[in-house]
K.L.:
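Once you've had a glance at the structure underneath, I'll fire off some questions.
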Amino acid sequence: MRNTLPEPTTVHWHGMHLPAQMDGGPHQEIPAGGQWRPTWQIDQPAATLWYHPHPHGRTEDHVYRGLAGMFLLDDQAAAGSALPHQYGVDDLPLIVQDKQLDDDDELDLDSDGNEVGLLGDTVMVNGTVAAVQEVTTEKVRLRLLNGSTARTYDFGLADQRPLDLIATDGGLLPKPVPVPRVLLSPGERADVVISLIPGEDVMLRSFAPDLGHIAAPFAFGANDSFDVLRLRAATRLARSADLPGVLAEPSTEAEPSTEALPSTKAETVPAAPVTREFELRGRRINDRRMDLGRVDEVVPAGATEIWQVVNRNRYPHNFHVHGAQFRIASIDGNPPTPALAGLKDTVYLRPREAYQLLIRFGNYPDPAHPYMYHCHLLLHEDKGMMGQFVLTDGSVPAEISVPPGTHRGAH
Ligand code: C2O
Ligand code: CU
Ligand code: CU
C-alpha cells in the first residue's frame with residue numbers, strides 16, 4: 001500500500017481473519033508518502049469483504065471521501081456452485097454510500113450531521129449517482145456493501161418481489177432465504193440473487209428502515225427512502241441456472257456454531273464459553289473511551305466466546321469485531337431470523353435489545369498488537385466508541401507498545 005495522501009492513513013481489511021499486525025487498524029499507520037506491505041494467508045470461506053482506512057480519529061472523513069473497496073474471497077465450493085459468478089456480468093459489486101453535495105455538486109465536507117453523524121441526501125453506487133446497470137442474464141447476484149459512514153439502508157426491489165439472500169458478512173448461508181428486504185447498517189454486507197424477465201426495468205431501492213425504538217426516526221434516517229440502482233434487462237437474457245438448494249456445508253471447524261452453546265439437556269455439559277458484556281452508550285463502550293495504549297480485553301487465541309452487546313441509547317449503534325466472524329446466538333433471548341443466522345462481523349443494534357454473539361477467535365497469538373471492536377457509525381468510532389483486544393497463548397501478559405506519533409486524541 002502506498003499512501004500518496006498528504007496525511008497519514010491506514011488500510012483495514014474488514015472481515016478478514018489475519019494476524020493483528022496485518023489488520024490495518026489505527027496501530028498500522030502509513031505516514032504520508034509512506035508504504036506498508038502486509039502479508040497473510042487467506043484462511044476463511046468465500047465472502048464479500050471490504051477494505052477502508054482506519055486512522056485514529058479520522059476514519060469517518062477518509063471513508064466519506066470515498067476510500068473504500070471490496071475484497072472478494074472465492075473458493076472452490078463457491079466457484080463450483082450454480083450461483084451467478086461472472087464478475088461484472090451476473091455478479092455485481094455494489095458499494096453504497098450516501099453523500100451530501102453542495103450547489104456545485106461537490107462533496108460537502110462541512111456538514112456537522114447529528115448524533116449519528118452525517119446523513120447525505122444523495123446515494124451513490126460505486127461512486128455513481130442515479131446508477132443504471134444493463135442486465136444480460138436471467139439472474140444477477142448483487143453484492144451489497146453499506147459503505148456509508150452513518151446511514152442504514154433497507155434494500156429491496158420497488159415492485160416488492162422477493163430477493164434470495166445467499167450470503168451475509170462472512171460467507172454463504174446454508175441455503176437461499178427469500179426475503180422482502182435486507183437491512184444493512186454501516187459496514188455490513190449481503191449477497192442477494194434476483195430474477196429478471198426480458199425487457200423489464202427494476203429499481204433497487206432503499207426503503208424506510210425499521211431501526212427499532214429510536215427517539216427521533218426522522219433525524220436518524222428511519223423515514224428516508226432512495227432509488228439506488230436501476231436494473232435494465234435486455235430483451236434477450238442468457239439462461240441462468242436454478243439456485244442450488246444447499247449453498248454451504250454445515251459449519252466447519254473454522255467457524256463458530258451455536259451448537260457449541262452448553263445445553264442443559266446434554267449428559268456431559270461442556271464448559272460454558274467465557275461471556276463478556278459490552279454496553280454502548282453515547283460515544284463510549286462500557287463507560288470507557290478508546291485509548292490506543294489500553295488493552296480492554298485479553299482473549300485466548302482460538303477461543304470461542306460469547307460477547308453480549310447492548311445499545312443503551314435511543315439512537316442507532318452497531319457493533320463490529322475485527323479479525324473474526326461471529327454468529328448471533330440470540331437477540332433478547334430469541335433465536336435470530338434466518339437472515340441474521342449466518343456468519344457476521346458487524347451487526348445492527350436495535351436500542352435496548354441484548355445481542356449474544358458467539359465468536360470464534362483466530363489462532364494468531366500476539367500480545368503486543370491489538371485488534372479493535374467498535375461501533376461502525378464512524379463518527380462514534382472516531383469519538384471513542386471503540387475498544388481493543390489482544391489474542392494471547394497465555395504465556396505472556398499483554399503489553400502493547402504504542403508507536404510514536406499515534407498518541408493524538410480523537411479529533
Ligand atoms: Cu470496518 Cu474497524 O472497521
Ligand atoms: Cu473491521
Ligand atoms: Cu454508535
Side-chain angles (χ1 to χ4, degrees), residues 9-20 22-29 38 44 47-60 62-64 67-71 95 97 113-119 145-152 169-170 184-189 211-212 214-215 220-221 278-286 289-290 292 309-326 343-352 355 359 361-362 370-389 410:
T9 191
T10 81
V11 183
H12 165 56
W13 318 104
H14 181 131
M16 196 76 75
H17 301 183
L18 77 186
M22 308 303 167
D23 188 44
H27 293 277
Q28 285 84 45
E29 205 173 77
Q44 67 192 95
T48 300
L49 309 183
W50 68 301
Y51 57 91
H52 63 80
H54 214 301
H56 186 55
R58 303 274 296 147
T59 298
E60 183 192 29
H62 286 210
V63 174
Y64 181 65
L67 288 178
M70 266 189 200
F71 198 133
I95 302 176
Q97 297 190 312
N114 60 29
E115 273 106 323
V116 297
L118 175 65
L119 297 172
L145 158 63
N146 182 350
S148 299
T149 55
R151 185 180 285 289
T152 293
D169 304 339
L184 294 183
S185 66
E188 290 183 282
R189 289 88 67 209
L211 300 177
I214 56 173
F220 305 131
F278 299 88
E279 285 201 351
L280 283 73
R281 187 185 276 114
R283 306 287 182 267
R284 293 163 186 247
I285 298 178
N286 291 342
R289 191 167 160 238
M290 164 70 177
L292 279 171
V309 190
V310 185
N311 168 6
R312 290 290 177 207
N313 292 118
R314 292 190 59 213
Y315 53 82
H317 291 300
N318 70 6
F319 195 73
H320 168 52
V321 182
H322 283 213
Q325 298 288 332
F326 52 75
L343 289 172
K344 300 279 294 162
D345 55 52
T346 309
V347 61
Y348 180 67
L349 302 176
R350 292 164 61 90
R352 315 283 167 89
Y355 290 72
I359 313 178
F361 291 92
Y371 297 91
M372 310 293 131
Y373 56 87
H374 58 87
C375 177
H376 218 288
L377 275 61
L378 299 179
L379 173 73
H380 294 178
E381 177 193 323
D382 283 344
K383 297 294 184 197
M385 190 167 251
M386 177 154 66
Q388 308 194 97
F389 69 97

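Just so you know, ligand 1 is whichever comes first in the structure, and atom 1 is the first atom listed for that ligand. The first residue of the sequence shown is numbered 1, and numbering continues consecutively from there.
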K.L.:
Say whether, by atom type as modelled, one donor and one acceptor occur between the side chain of Asn311 and the main chain of Leu349 under 3.5 angstrom.
P.N.:
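Yes; at least one donor-acceptor contact below 3.5 Å.
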K.L.:
May I have the angle between His54 NE2 and His374 NE2 with its vertex at atom 2 (Cu) of ligand 1, rounded to 10°?
P.N.:
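Taking atom 2 (Cu) of ligand 1 as the apex, I get 110° for this pair.
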K.L.:
What do the steps show when you test Glu381 against His56 for side-chain contact (heavy atoms from CB on, under 4.5 Å), and what is the final call?
P.N.:
CA-CA 9 Å; Glu381 177 193 323; His56 186 55; over 6 Å; no
K.L.:
So that I can tick it off, tell me whether Arg189 and Asp345 are bridged by a salt bridge, with the cut-off set at under 4.0 angstrom between side-chain N and carboxylate O.
P.N.:
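Result for this pair is yes, salt bridge flagged.
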K.L.:
If you check every N/O/S atom of His317, which is the one nearest the Cu ion (ligand 3)?
P.N.:
ND1
K.L.:
Below 2.8 Å, can you find an N, O or S atom of His320 next to atom 2 (Cu) of ligand 1?
P.N.:
no
K.L.:
At their closest point, which heavy atom of Pro316 faces which heavy atom of Ile214, and how far apart are they?
P.N.:
CD-CG2, 4.1 Å
K.L.:
With a cut-off of 2.8 Å, does any N, O or S atom of His52 fall short of it relative to atom 1 (Cu) of ligand 1?
P.N.:
yes
K.L.:
Go through the steps for Arg284 and Glu279 under the test salt bridge (charged side-chain N to carboxylate O under 4.0 Å, His left out), then give the verdict.
P.N.:
CA-CA 8 Å; Arg284 293 163 186 247; Glu279 285 201 351; over 6 Å; no
K.L.:
Of all the atoms in His14, is at least one N, O or S atom closer to atom 1 (Cu) of ligand 1 than 2.8 Å?
P.N.:
yes
K.L.:
In His380, which N, O or S atom comes closest to the Cu ion (ligand 3)?
P.N.:
ND1
K.L.:
With a cut-off of 2.8 Å, does any N, O or S atom of His376 fall short of it relative to the Cu ion (ligand 3)?
P.N.:
no
K.L.:
Parallel, tilted or perpendicular: which one describes the rings of His12 and His322, with boundaries at 30° and 60°?
P.N.:
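Plane angle under 30°, so parallel.
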K.L.:
Taking both backbone and side chain into account, is any N, O or S atom of His376 nearer than 2.8 Å to atom 1 (Cu) of ligand 1?
P.N.:
yes
